[in-house]
Amino acid sequence: MSVRVRFAPSPTGFLHIGGLRTALYNYLFARHNEGTFVLRIEDTDQSRYVEDAEQDIIDSLEWAGIEIDEGPGKGGDFGPYRQSERKDIYHKYAEQLVESGHAYYAFDTVEEIDEMRERLMKSGNPSPKYDSITRQSMKNSLTLSQDEVKKRMDNGDEYVVRLKVPRKETIRFEDEIRGNVSFDTEGLDDQVLLKSDGMPTYHLANVVDDHTMEITHVIRGEEWLPSTPKHMLLYNSFGWEPPKMAHLPLIMSPSGGKLSKRKAESEGIPVNTKDYMAGNYEPDALVNFLAYLGWSPGDDSEIHDMKELCELFTLDRVSKGGAVFNYKKLMWYNENYIRQHSIDELKPRVEALFLGKGYEIPSDDFLTTVIELLQERVSKIDEFVSMGAFFFEAPKAYDENALKKWKDDSSRLILSYKTRIEALSEDDFKAATLKKKLEETIEEHGVGFGKLMMPLRIAISGQGFGPDLFPALELIGKEEVLGRIDSALERL
RNA sequence: GCCGCGUUCGUCUAGGGGUCCAGGACGCCGCCCUUUCACGGCGGUAGCACGGGUUCAAAUCCCGUACGCGGUACCA
């Protein structure tokens, strides 16, 4: 039987970075086993539905290089792939469960349930449940007469279908990552399967869909582990073979706890995939980083592209403990991938970035040189612009920190250097010559390299760091260089 | 509170009874390269949560404690 996995997000907002990792692991597992990767939209909570969320999920996956084999908009033999479009299916199965005695109708209002909880809480029960004990004193098809139930149904009264959780049983299952896991049914409540608005809850929908879509492996976040026994109960009640289960460790915030939006952002970590897209991160770097957040191939390797990750990925090498998001390591991956990319790969993207900022690109060769000069010192692609703007225009302001290097003798040295390069013909205005002239200047004045280097860098770029200065001077050209020196002399 | 899952350098991890006085990566520090900024190269720093067992031998197996995280909805 061929492997089929699914990524099943609910469209309640933008795709979270943790969700992206879950999708990635599912995808890697599918590809590794030559299986199928299904996208299923779990839109059963109408109150939390967000209009553009589904498109955001699809765009995010595409950006990351995760290809959907079946899903909404993509098609497949097991559709529809939106749960809201499968309502009647869940209805049918819920009925089946009631008929077989594994579930029942319940007519209690929200208020009545709250009341019950409050009452039990007062008498010392810290977490009251609608369970095998309490259901006996509630309004449901177990306590009401058949006639009464029929009357209420015919009358159109609102009702839910609840799972009839057995009183004392131990549910055991094997998790592909954690090994044997067991729960006692005593701690479980009679989970609502079908809500009063006619929609299924996650629990029913996910079991029915995973079965009917012939999902072989459920790979999802650890937050689902506690509800897995309910799912197992459902598979058993239906008489279905459950898929293999694998619960992934959570991604944690550096300060501890789940990487929530608020926490992450206060710690400088973008939390939605679209933030990474908008922030010009390298998708292959993010993928590589995410793959290693909770998994490792077991050797000392660190860099792998998607294709290699597909070959390497297995569930038994996923770790059990939560993994803290390490932003600096992400940036290390990002730099790495930028350095790996060829100039031709980088060019159209960098060009778009410059154009977007309103810069005109004199020639293709010019752009190529700018990229060559900068490639080894940017950590994110948009830094080509922030660090390379001076190739296109004179600095508007001088960096305050860099200015500390502008000393009393700086003007004199710069002036002396200027005189020398002024005498150069356009054809002689080359990196090697410019460097030679600088050497002559410092020799004459008996000072170190940096004494002239730093002020010159500041005059040209406005900053205390940046690309190799001499090729930069050559690219900028004699006239402009002299102009910038003059203006720095005036202003500093 | 209860239930469950987890715990190896600051962080991500390798390790599945002896070859581990624990290996790699990020970070940090130092040196080299560079008479500039970086890249790069080399080296260093730092860890088996604690307590009991089992065993000739435990980071590795068992039990307990602590701590962390998750769950405890007509949310997913």
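We name chains A, B, ... by the order of the sequence lines, and we start the count at 1 in each one. Here the structure is a predicted model, which is why all the values come from computation and not from measurement. Side chains included, hydrogens not; waters and symmetry mates left out as well; all remaining heavy atoms used.
B:G18 sits 13 Å from B:A59 when the C1' atoms are compared, rounded to a whole Å. Straight-line distance between the C1' atoms of B:C20 and B:A38: roughly 38 Å, to the nearest whole Å.
Residues A:F7 and A:Y25 place their aromatic rings such that the two centres sit no closer than 6.0 Å.
Residue side chain A:R48 reaches the base of B:C75 through a donor-acceptor N/O pair under 3.5 Å, judged by distance alone. For A:S227 against B:G71, a side-chain-to-base donor-acceptor contact under 3.5 Å is absent. For A:D189 and B:U72, a side-chain-to-base donor-acceptor distance below 3.5 Å is absent, hydrogens and geometry of angles not being considered. Contact annotation: side chain of A:S127 to base of B:C2, donor-acceptor pair absent below 3.5 Å.
For B:G10, neither phosphate oxygen OP1 nor OP2 lies less than 4.0 angstrom from any side-chain nitrogen or oxygen of A:K328. In terms of phosphate contacts, A:R162 brings a side-chain nitrogen or oxygen within less than 4.0 Å of OP1 or OP2 of B:C74. Distances shorter than 4.0 Å separate none of the side-chain N or O atoms of A:R377 from OP1 or OP2 on B:G40. Phosphate proximity of B:A73 to A:K129: absent, as no side-chain N or O sits under 4.0 Å from OP1 or OP2.
Salt bridge present: A:R420 and A:E440 bring a charged side-chain N and a carboxylate O closer than 4.0 Å. A salt bridge links A:R178 and A:E222; the closest N-O separation between the charged side-chain nitrogens and carboxylate oxygens is under 4.0 Å.
For the atom pair A:I269 CD1 and A:I17 CD1, the distance stands at 10.0 Å (nearest 0.5 Å).
Here B:U35 is the nucleotide among B:U36, B:A38, B:U35 with the atom lying nearest to any side-chain atom of A:I442.
With rounding to whole Å, A:L250 atom CG is found 7 Å from B:C69 atom C1'. For A:I177 and B:U7, the CD1 to P distance is 13 Å, given to the nearest whole Å.
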